[in-house]
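See structure below.
Proteins get letters first, then strands, A, B, ... in listed order; numbering begins at 1 in each.
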Amino acid sequence: DGGITQSPKYLFRKEGQNVTLSCEQNLNHDAMYWYRQDPGQGLRLIYYSQIVNDFQKGDIAEGYSVSREKKESFPLTVTSAQKNPTAFYLCASSSTAYNEQFFGPGTRLTVL
Amino acid sequence: AQSVAQPEDQVNVAEGNPLTVKCTYSVSGNPYLFWYVQYPNRGLQFLLKYITGDNLVKGSYGFEAEFNKSQTSFHLKKPSALVSDSALYFCAVRDMNRDDKIIFGKGTRLHILP
């Protein structure tokens, strides 16, 4: 899983709660990404950031928010507006948008 | 629109036999193509990529992929499968029309039978 860490590994959320997933990288990569993985659907892009203090919505950004205050960190908040948040969340980084991405080990979020 | 397709949800191969996991793509311009592998409850691991040059690309763990421009394919191959190769494999392509983001296929589950 390279130099990317995600925490926690498992997360349980009650209805109406916001939760924040952590993603940290020590690869000195400029670009960072958040994906959601559901069975049989591959990876869907939530948000991405190509540089500090800047980020863009991906394909399924509704109900999620991010920040990129430091190069090493790209936390994802799953808000109560996300109606079906139970999924496996993957963070990735790359040196540039042209290069391969390195993935963290993932966080499995379950709504109780 | 840029896209990538993995036509097989699952592939079964006997240990020691050659394996192929198929991928086709649709892009405008020259494609940047990638293969990743995912083991259960883990993140994806990069296997190999094609940007330019030789059509046969060699990657990690003995895998290779053949770029075929006329058939718009980028199939993943290995001469002799191991049980430990059993995993979920993703093909991906760079989307030059959308900030160079990567588009992933839906994945192919590879089962190597002992």
Side-chain angles (χ1 to χ4, degrees), chain A residues 1-10 21 23-25 27 29-51 54-61 87-110, chain B residues 1-10 21 23-25 27 29-52 57-60 63 65 74 76 87-109:
Chain A
D1 298 317
I4 301 182
T5 58
Q6 290 185 243
S7 63
K9 187 173 178 64
Y10 299 97
L21 283 59
C23 177
E24 303 278 334
Q25 54 101 358
L27 300 169
H29 285 170
D30 286 316
M32 297 187 74
Y33 310 82
W34 273 106
Y35 295 93
R36 171 180 171 142
Q37 185 176 22
D38 296 282
Q41 295 196 42
L43 274 67
R44 292 184 290 171
L45 183 64
I46 304 172
Y47 269 97
Y48 66 103
S49 168
Q50 294 181 318
I51 197 168
D54 187 43
F55 50 83
Q56 286 79 40
K57 293 181 178 180
D59 300 315
I60 56 166
F88 191 50
Y89 290 87
L90 289 163
C91 179
S93 72
S94 63
S95 55
T96 70
Y98 294 89
N99 290 333
E100 63 271 23
Q101 295 180 6
F102 292 83
F103 283 79
T107 293
R108 188 166 297 279
L109 173 63
T110 302
Chain B
Q2 323 279 346
S3 66
V4 60
Q6 294 181 243
E8 302 157 317
D9 291 336
Q10 182 169 312
V21 183
C23 173
T24 59
Y25 65 90
V27 300
N30 294 322
Y32 281 36
L33 295 157
F34 306 85
W35 274 104
Y36 291 83
V37 61
Q38 185 181 32
Y39 297 99
N41 296 311
R42 301 288 297 277
L44 277 66
Q45 295 179 33
F46 169 73
L47 282 177
L48 50 81
K49 68 181 177 183
Y50 173 83
I51 297 176
T52 187
V57 180
K58 294 190 180 298
S60 306
F63 284 94
F74 189 55
L76 182 70
L88 186 58
Y89 290 81
F90 291 96
C91 183
V93 65
R94 179 170 69 100
D95 187 347
M96 292 175 283
N97 293 334
R98 297 175 63 195
D99 294 334
D100 295 310
K101 295 194 304 295
I102 302 297
I103 301 173
F104 287 87
K106 292 187 181 299
T108 297
R109 190 163 298 280

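Using a 4.5 Å cut-off between heavy atoms, Arg44(A) makes no contact with chain B at all. Only the side chain of Gln37(A) comes within contact range of chain B, judged by heavy atoms closer than 4.5 Å. In this structure, no portion of Asp9(B) lies under 4.5 Å from any heavy atom of chain A. Interface residue Gln38(B): only side-chain heavy atoms are found under 4.5 Å from chain A.
Scanning both residues, Asn99(A) and Lys49(B), for their nearest heavy atoms gives OD1-NZ, 3.9 Å. In terms of heavy atoms, Arg42(B) sits closest to Phe88(A) at O-CE2, 3.6 Å. Here the closest heavy-atom approach between residue Tyr48(A) and residue Lys101(B) is recorded as CE2-CD, 3.1 Å.
The environment of NZ in Lys9(A) is crowded: more than 12 heavy-atom neighbours from other residues, nucleotides or ligands sit within 6.0 Å. Summarising the local packing, CG of Asp38(A) is surrounded by more than 12 heavy atoms from other residues, nucleotides or ligands at distances under 6.0 Å.
Put simply, CG on Leu44(B) and OH on Tyr35(A) are 9.0 Å apart, with the number rounded to the nearest 0.5 Å. The CD1 atom of Ile51(B) lies 7.5 Å from the CD atom of Glu100(A); values are rounded to the nearest 0.5 Å.
Phe103(A) and Tyr36(B) have perpendicular rings, their planes meeting at more than 60° on a 0 to 90° scale where under 30° would count as parallel.
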